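What follows is one structure encoded as structure tokens, with my remarks underneath.
Just so it is clear: chains get the letters A, B, ... in the order the sequence lines come, proteins before strands, and each one is counted from 1. This is a predicted model, so every value here is computed, not measured.
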There are 2 protein chains.
Amino acid sequence: MADLNKLLTPLYLNEKEIRKIIELMFFSYRDFTSGPDRVLEKIKFGRAHHRVIYFVGKKNGLTIKELLSILQITKQSLSRVLNQLVKEKFIILSTGEDKRTKKLTLSKKGQELEIKLSNIQITNIYNVIKNFDEIDINGFKKVLFKMIDEKNQKKFNEIN
Amino acid sequence: MADLNKLLTPLYLNEKEIRKIIELMFFSYRDFTSGPDRVLEKIKFGRAHHRVIYFVGKKNGLTIKELLSILQITKQSLSRVLNQLVKEKFIILSTGEDKRTKKLTLSKKGQELEIKLSNIQITNIYNVIKNFDEIDINGFKKVLFKMIDEKNQKKFNEIN
DNA sequence: TAATTAAGTCAATATGGCTGACCTAAATAA
DNA sequence: TTATTTAGGTCAGCCATATTGACTTAATTA
């Protein structure tokens, strides 16, 4: 993109500034996940378990199919993690009205873990955004949203 | 954090809004990395290779130690990836003035790959932020920066 | 009844991280 | 100058997370 620079007019749109955004994404995402990671390690779980617990906690009664479509991983990748969560009774399975489907719900134990993990991220984010005004936070959310692929933007809107 | 909500006054600081940010981070980071991932797959490299190439490209002559401190992975994790990059001549090693150290530089081949990968992310980000005004983009960058741990904020500033 | 869908399972493979132990060579401090 | 620290490398082994492809069962829908 040696040529891109020449096309760009405002300062904040030049390559160097965009590269800073690349790095901000890398560093911030790493620190965003490190808190829960440390808790998960103790109970021999990983980030994948957290994601499952997070989205089941968000929508109790989620089906496997819905979860797969959010996580965008293969059935096999999910099943390993999910089986562990069910075996250790963080998640409870039940049959849906369509009897081919299964509904996932958090047990009390699962809810407790969900809260523990999410609270780390919630308080971290709270401590960040409390020092900004609404304009900055809106800019943050709007831009971050547009960084998502359009198809996944839809998915985000569906679950929210 | 059943209690946090009661302490929070502005709407954008409540738990539900913060949970949206958690999801925005998850979805946006995934899509942020997916472009380069597809290119890397073809040449049997992974995201770890991209990171090395990215930061060596950013600062030619980087030492192993500096790279480790940016990536925050173990020597062993780096060495596997780095050895492949050196063997396949994407990266060239040379001895520093302090003869214990080694300097990493991108070869022509390495530079070409760096540009190819980064351009995907640069154009993606460009296409997002071109539609926002400076206020939104500044909010985005400021908040994202503060999402980084303080120690790593320093590191970000050092390399920029 | 046939086709599709939701879910589960098998085996094999790759990436990317980790630990701990141990080594060499060079630079620096006592 | 000797002792210590630092930069880097390496070995073996482990674990988490992802993948593909093939195949099965049971339920729903065309």
Side-chain angles (χ1 to χ4, degrees), chain A residues 26 29-31 33-34 36-56 61-88 91-105, chain B residues 26 29-31 33-34 36-56 61-88 91-104 117:
Chain A
F26 169 61
Y29 192 77
R30 191 176 57 188
D31 291 341
T33 52
S34 66
D37 283 353
R38 278 190 291 271
V39 172
L40 290 157
E41 211 188 347
K42 289 179 204 157
I43 53 173
K44 307 245 177 177
F45 281 167
R47 211 174 283 176
H49 300 83
H50 185 194
R51 286 180 197 137
V52 170
I53 284 180
Y54 180 89
F55 286 108
V56 174
L62 205 66
T63 64
I64 306 271
K65 197 200 173 189
E66 288 170 326
L67 188 51
L68 283 173
S69 116
I70 291 169
L71 298 177
Q72 289 177 216
I73 56 174
T74 56
K75 237 195 302 183
Q76 296 78 355
S77 296
L78 175 59
S79 86
R80 193 192 349 91
V81 166
L82 186 55
N83 287 337
Q84 287 173 292
L85 288 167
V86 171
K87 195 174 282 170
E88 298 189 32
I91 283 182
I92 295 162
L93 296 179
S94 61
T95 305
E97 283 146 61
D98 179 338
K99 282 169 189 169
R100 292 172 303 178
T101 66
K102 281 187 183 167
K103 290 184 171 181
L104 309 176
T105 29
Chain B
F26 169 60
Y29 192 77
R30 190 176 57 185
D31 292 340
T33 53
S34 65
D37 282 353
R38 277 191 291 269
V39 172
L40 290 158
E41 211 187 347
K42 289 177 204 158
I43 53 171
K44 305 248 178 177
F45 281 167
R47 210 175 284 177
H49 299 84
H50 185 193
R51 286 179 196 137
V52 170
I53 283 180
Y54 180 89
F55 286 109
V56 174
L62 205 68
T63 64
I64 306 273
K65 196 198 172 189
E66 287 169 327
L67 188 52
L68 283 173
S69 115
I70 290 169
L71 299 177
Q72 287 176 214
I73 55 174
T74 57
K75 236 194 304 182
Q76 295 79 353
S77 296
L78 176 58
S79 85
R80 191 181 354 84
V81 167
L82 187 55
N83 286 337
Q84 288 174 292
L85 289 167
V86 171
K87 195 173 282 171
E88 299 188 32
I91 284 183
I92 296 163
L93 296 179
S94 60
T95 306
E97 283 147 59
D98 178 338
K99 283 169 188 168
R100 291 172 303 179
T101 65
K102 280 186 182 165
K103 289 183 169 180
L104 309 175
L117 295 171

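Judged by distance alone, the side chain of Thr101(A) and the main-chain N or O of Glu97(A) form no donor-acceptor pair under 3.5 Å.
Applying the 4.0 Å criterion to OP1 and OP2 of dT17(D), one finds that His49(A) has a side-chain N or O inside that range. For dA18(D), the OP1/OP2 oxygens have a side-chain nitrogen or oxygen of Arg51(A) closer than 4.0 Å.
Here Thr95(A) contributes atom OG1 and Leu93(A) contributes atom CG; the two are 8.5 Å apart, rounded to the nearest 0.5 Å. Atom-to-atom distance recorded for His49(B):NE2 and Ile43(B):CD1 is 8.5 Å, nearest 0.5 angstrom. Distance check: Thr63(A) OG1 to Lys102(A) NZ gives 12.0 Å after rounding to the nearest 0.5 Å. Summarising the geometry, atom NZ belonging to Lys75(A) is positioned 8.0 Å from atom CG belonging to Leu68(A); distances are rounded to the nearest 0.5 Å. Of the inter-residue distances, the one linking Leu78(A) atom CG with Ile64(A) atom CD1 reads 6.0 Å to the nearest 0.5 angstrom.
Computed from coordinates, the Gln84(B) CD to dT10(D) P distance equals 13 Å when rounded to whole Å.
Using cut-offs of 30° and 60° on the angle between ring planes, the pair Tyr54(A) and His50(A) is perpendicular.
In the interface, the side chain of Arg47(A) is not paired with the base of dA16(D) through any donor and acceptor atom under 3.5 Å apart.
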Residue pair Leu71(A), Phe26(B): steps toward the side chain to side chain contact (heavy atoms under 4.5 Å, CB included) verdict | CA-CA 10 Å; Leu71(A) 298 177; Phe26(B) 169 60; 4.3 Å; yes

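Scanning residues 36-46 of chain B for heavy-atom distances under 4.0 Å to DNA chain D yields an empty list.
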Nucleotide by nucleotide, 5' to 3', does protein get under 4.0 Å of the base (B), only the sugar-phosphate (S), or neither (-) in nucleotides 1-9 of chain D, counting heavy atoms?
-> -----BSBB

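Under a cutoff of 6.0 Å and an axis angle of 45°, Arg51(A) and Phe55(A) do not form a cation-pi pair.
Side-chain atoms of Leu104(A) and Leu82(A), non-hydrogen and from C-beta on, do get closer than 4.5 Å to each other.
Of all nucleotides in DNA chain C having an atom under 4.0 Å from a heavy atom of chain B, the first and last in 5' to 3' order are dT15(C) to dA27(C).
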